[in-house]
Amino acid sequence: MAGSTPAAIAFIGFGEVGQTFSRGLLANGAAGIRAYDLLFGSDAGRRLEDAARQIGVGCGASPAEACSQASLVFSAVTADRAEAVAAEAASWLKPGQIFVDVNSAAPSTKQRAAKAVEASGAAYVEAAVMAPVLKPGLKVAILAGGPKAEAVAATLNGLGMNLTPVSETFGRASAMKLCRSIVIKGLEALMVDCAAACEAWDVKDPVFASLHATFPSIDFHALAADMRERVATHGIRRAAEMREAAEMLTVAGLEPGLASAIADAQQRGARREGAA
């Protein structure tokens, strides 16, 4: 597989990640892409189906139908659905197919998903997306894990992606992502709550000036505005990710309370009409 273009690619889940990756992969020579999303066929799913057609992606009536001819199957759903989607896919995946799990899930979740997929005879690659995809697009940094990580990285990097194999053991790539997420999502939650408290007491300027004196390289007014928007836009998804981080900590015998509190803060700050 290394260095060759897959005959076809499929996406389970056609949100921001699926659309962004599909657009870039087709532009770089992917032979064809099909997708399935749980919303397809509903009123809410018409926007996704229209987006697929505009990009040049075919819409499947079911995950099995969408992925039947794919060499590579991307799972790009939500953290809380990652394991269930892998378990369902195990009923129709076949030997020779590779299931690339790009969901932000706990190492233990990825390990269980890998076990389910491999029982079908298909291969599983753990993929940890290390940043929001919109700005970098196809070049977003992705850590890959599993016995097939190097081969899949060679194929997808040949189509313009940016995968770095980090381990043949499932779980390590996701641990690297979620340990980082504790800091990134935690800082966002802190800044949102700090800014809200400052506004409630009309002390934002002096507080941010004090913070700037301690950390002179940071514009705290800009940082607070940026992080508030990130949480408003992505808070529901990031809350699910931080609950996976809490599971990671629990499995390691560590206290998950901080990660759980960050999840609550992210969800609390999400803009309800489009946060997911």
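Along the sequence shown, residues carry numbers from 1. Bear in mind that the values here come from a model prediction, so they are computed numbers and not experimental data.
Not a single donor-acceptor pair under 3.5 Å links the side chain of Lys94 to the backbone N or O of Ser120. Checking side-chain atoms of Glu241 against main-chain N and O of Ala79 turns up no donor-acceptor pair under 3.5 Å. The main-chain N or O of Val231 is never found under 3.5 Å from a side-chain atom of Glu188 such that the two would form a donor-acceptor pair. With hydrogens and angles disregarded, a donor-acceptor distance shorter than 3.5 Å links the side chain of Asp219 to the backbone of Ala222. No donor-acceptor pair under 3.5 Å is formed between the side chain of Asn103 and the backbone N or O of Ala105. Without hydrogens or angle criteria, Ser174 side chain to Gly171 main chain gives no donor-acceptor distance under 3.5 Å. Here the side chain of Lys204 pairs no donor or acceptor atom with the backbone of Ala196 at under 3.5 angstrom. Of the possible polar contacts, one joining the Lys110 side chain to the Asp101 backbone as a donor-acceptor pair under 3.5 Å is found. Between the Ser210 side chain and the Pro206 main chain, no donor and acceptor come within less than 3.5 Å of each other.
Salt bridge annotation for Arg53-Asp50: present, with a cationic side-chain nitrogen under 4.0 angstrom from a carboxylate oxygen. Ion pairing between a basic and an acidic side chain is recognised when a charged N comes within 4.0 Å of a carboxylate O; Asp193 and Arg268 show such pairing. Remark: Glu126 does not engage Arg172 in a salt bridge, criterion side-chain N to carboxylate O under 4.0 Å.
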For salt bridge (charged side-chain N to carboxylate O under 4.0 Å, His left out), just list the numbers for Arg34 and Glu65, CA-CA rounded to whole Å, side-chain angles, deciding distance to a tenth of an Å, and then say yes or no.
CA-CA 9 Å; Arg34 290 182 64 78; Glu65 192 273 330; 3.1 Å; yes
Worked verdict on Val17 versus Val129 for side chain to side chain contact (heavy atoms under 4.5 Å, CB included):
CA-CA 10 Å; Val17 169; Val129 182; 5.7 Å; no
Can you list the steps and then say if Ile33 with Phe14 is a side chain to side chain contact (heavy atoms under 4.5 Å, CB included)?
CA-CA 11 Å; Ile33 297 178; Phe14 202 63; 5.6 Å; no
Arg230/Gln266 under side chain to side chain donor-acceptor pair (under 3.5 Å): CA gap, chis, key distance, verdict
CA-CA 9 Å; Arg230 287 190 213 171; Gln266 288 277 345; over 6 Å; no
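Side-chain contact between Val152 and Leu163 is present, with at least one heavy-atom pair separated by less than 4.5 Å. Contact annotation: the side chain of Val77 approaches that of Ile12 to within less than 4.5 Å [non-hydrogen atoms, C-beta and beyond]. For the pair Met161/Leu25, a side-chain contact is recorded, criterion being any heavy-atom separation below 4.5 Å from C-beta on. A heavy-atom distance below 4.5 Å is not found between the side chains of Asn162 and Val140. Put simply, the side chain of Val57 reaches to within 4.5 Å of the side chain of Leu26, judged on heavy atoms. Residues Ser71 and Gln97 are not in side-chain contact: their nearest non-hydrogen atoms beyond the backbone lie 4.5 Å or more apart. Within the 4.5 Å cutoff, the side chain of Thr78 has no heavy atoms near those of the Ser104 side chain. No side-chain heavy atom of Cys59 sits under 4.5 Å from any side-chain heavy atom of Tyr36.
Heavy atoms only, all atoms of each residue included: Gly41 and Glu49 are closest at N-OE2, 3.1 Å. Pro165 approaches Ala153 most closely through the heavy-atom pair CG-CB, 3.8 Å. The minimum heavy-atom distance linking Pro256 with Leu249 is given by the pair CA-CD1, 4.1 Å. Minimum interatomic distance between Gly137 and Thr20 (heavy atoms only, all atoms of both residues): CA-CG2, 3.7 Å. For the residue pair Val125 and Ala149, the shortest heavy atom distance occurs at CG2-N, 4.2 Å. Minimum heavy-atom separation, Ser108 to Val251: OG-CG2, 3.9 Å.
Within the model, atoms NZ of Lys185 and CG of Leu190 stand 14.0 Å from one another, a figure rounded to the nearest 0.5 Å. With values rounded to the nearest 0.5 angstrom, Arg47 atom CZ is found 9.0 Å from Asp37 atom CG. In this structure, CE in Met242 is found 5.5 Å from CD1 in Ile182, a value given to the nearest 0.5 Å. Atoms CE and CG, from Met130 and Leu143 in turn, are 4.5 Å apart once rounded to the nearest 0.5 Å. Separating the CD atom in Gln54 from the CZ atom in Arg23 is a distance of 9.0 Å, to the nearest 0.5 Å. From Phe99, atom CZ reaches atom CZ of Phe74 across 11.0 Å, with rounding to the nearest 0.5 Å.
Under the ring pair (Phe, Tyr, Trp, His ring centres under 6.0 Å) criterion, His221 pairs with Phe208, sequence neighbours left out.
The hydrophobic cluster containing Val183 also contains Ile218, counting ILVMFWY residues as joined when their side-chain heavy atoms lie under 4.5 angstrom apart, directly or transitively. Trp92 and Ile9 fall into different hydrophobic clusters, defined by Ile, Leu, Val, Met, Phe, Trp and Tyr side-chain heavy atoms under 4.5 Å apart, directly or through other members. Clustering ILVMFWY residues whenever any of their side-chain heavy atoms sit less than 4.5 angstrom apart, transitively, puts Phe220 in the very cluster that holds Trp201.
Side chain to side chain, Arg243 and Gln267 meet the donor-acceptor criterion of an N or O pair below 3.5 Å.
Considering Leu156, Leu159, Ile142 as possible partners of Phe21, the one that fulfils the side-chain contact (heavy atoms from CB on, under 4.5 Å) test is Ile142.
Taking the six-membered ring for Trp and the full ring otherwise, the centers of Tyr124 and Phe170 sit less than 6.0 Å from each other.
Sorted by first then second residue, the salt bridge (Lys or Arg N to Asp or Glu O under 4.0 Å) pairs that include residues 77-92, not counting sequence neighbours, are Glu83-Arg112.
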